[in-house]
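In what follows, every chain begins at residue 1, and chains take the letters A, B, ... in the order their sequences are listed. Worth knowing before you read on, the calculation uses all heavy atoms, side chains too, and leaves out hydrogens, waters and symmetry mates.
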Amino acid sequence: MPELPEVETIARSLRNAPNLAFSPSPGLNKRPGVIGRTVADVQVNWQRSVAEPDAPTFCERLSGQTIAAVKRRAKFLVFQLDGDWLLIHLRMSGDIRVEPRSGVPLQAHDRVIFNFKDGARMVFNDTRKFGRVWLVEDPDSILGCLGPEPLSTALTPEVFSRSLLQQKRAVKTVLMDQKFLAGMGNIYTDEALHLARIHPLERASSLEPGRAEGLLSAIREVLEEGIRRNGASIDWVYRGGDFQNYFRVYQRTGENCPDCGTKIERIVVSQRGTHFCPTCQPPMIKG
DNA sequence: CATCAACCCTGAGAGC
DNA sequence: TGCTCTCAGGGTTGAT
């Protein structure tokens, strides 16, 4: 599922020069981007993929607007247009393609198709239909409640530690709370907790400053490695990344811990499959 | 406020 | 081989 590194990878490819040639399987840095392209019309194949406004208004208002910039905030793709902002959340199975409008057939699960005036199109494909698109005047109406970006220098170890100390919930639950920290998902949370040698069920408030700082470093390390490897390609959505080959614990239940060899265990935390090493990440002894 | 379960969906994988 | 069944999973919503 796309988390911060996957969305960042897609955002970067969308910022590539728009005049690159379309070819069957180009590397991520050779795919044509969308900056400067103008929307001609929009086709919605699944109404519920459009969160706001209603689908007909969404299509009508987008027509004629030009993409000025593409950014990422948390797991959102953020497109700055002429007056409005287009937001896309890929959720579990969403993906974005940029391709020619003619000569290339649409695919199964193509939900929203943005046709550009220059003959290209951007396609939002989403097998499980969990993803959403928004068209809003003020992006903060959707993004305003998000917590800090984990890679931002504004998030200092001191700030992070102080925030954790105020949270009684399990540390994994807290890290995945988008209001607390923006962009972490199940994969990178499990990976970061293993790297930091912290049990996923430990109360966040029990992490003293030293371990909180270690946790922030681990979060940044796994996110940066994910971005460096162009994200992870799993859930049958191939995005060109290969971080899935370097998971320490995620979906490795019963396999050996890369650090100590103990069998990786799986539990459920906040309704999410959670993978950890019982030796490297021992439960806190209350005292 | 914290916690928890249901919900939205599809297809992979298991079981038969 | 092919059918049916179970389940994962991000984020939202509603119940406890």
Query raised in the report: Whole-Å distance between C:dA8 P and A:E3 CD?
Result: 17 Å
Report task. Would you kindly compare A:S270 and A:R91 by the position of their nearest DNA chain B nucleotide and give the one closer to the 5′ end? Result -> A:S270
Report task. Taking only the side-chain nitrogens and oxygens of A:K129, find out if one of them lies under 4.0 Å from OP1 or OP2 of B:dT10. Result -> yes
Query raised in the report: So, A:K172 and A:S270: side-chain donor and acceptor under 3.5 Å apart, yes or no?
Result: no
Requested in this report: Could you tell me the separation between the CG atom of A:L4 and the C1' atom of C:dG11, rounded to a whole number of Å?
Outcome: 16 Å
Query raised in the report: How many Å lie between CZ on A:F130 and C1' on C:dC7, as a whole number?
Result: 12 Å
Query raised in the report: Considering the terminal five base pairs at each end of the helix from B:dA2-C:dT16 to B:dC16-C:dG2, what angle separates the two local helix axes, rounded to 10°?
Result: 50°
Query raised in the report: What is the distance, rounded to the nearest whole Å, between atom CD of A:Q167 and atom C1' of B:dT3?
Result: 13 Å
Query raised in the report: Centres of the A:F76 and A:W134 rings: under 6.0 Å?
Result: yes
Query raised in the report: Just to confirm, is there a sub-4.0 Å distance from OP1 or OP2 of C:dG11 to any side-chain nitrogen or oxygen of A:K75?
Result: yes
Query raised in the report: Are A:R248 and A:H194 linked by a side-chain donor-acceptor pair shorter than 3.5 Å?
Result: yes
Report task. Round to a whole Å and report the spacing from CE of A:M176 to P of C:dG11. Result -> 7 Å
Query raised in the report: Mind checking what makes side chain to side chain donor-acceptor pair (under 3.5 Å) contact with A:D54, not counting sequence neighbours?
Result: A:T57
Requested in this report: To the nearest Å, give me how far apart CD (A:Q107) and C1' (B:dT10) are.
Outcome: 16 Å
Query raised in the report: Between A:R72 and A:E149, is the closest basic N to carboxylate O distance under 4.0 Å?
Result: yes
Report task. Round to the nearest Å and state the distance from A:L90 atom CG to C:dG10 atom P. Result -> 13 Å
Query raised in the report: Do A:R128 and C:dG10 have a side chain to base donor-acceptor pair shorter than 3.5 Å?
Result: no
Report task. Verify whether one side chain among A:N125 and A:D95 offers a donor that lies under 3.5 Å from an acceptor in the other. Result -> no
Requested in this report: Determine whether any donor atom in the side chain of A:R272 lies under 3.5 Å from an acceptor atom in the base of C:dG10, or the reverse, and answer yes or no.
Outcome: yes
Query raised in the report: Do A:T127 and A:S93 meet the criterion of a side-chain donor-acceptor pair at a distance under 3.5 Å?
Result: no
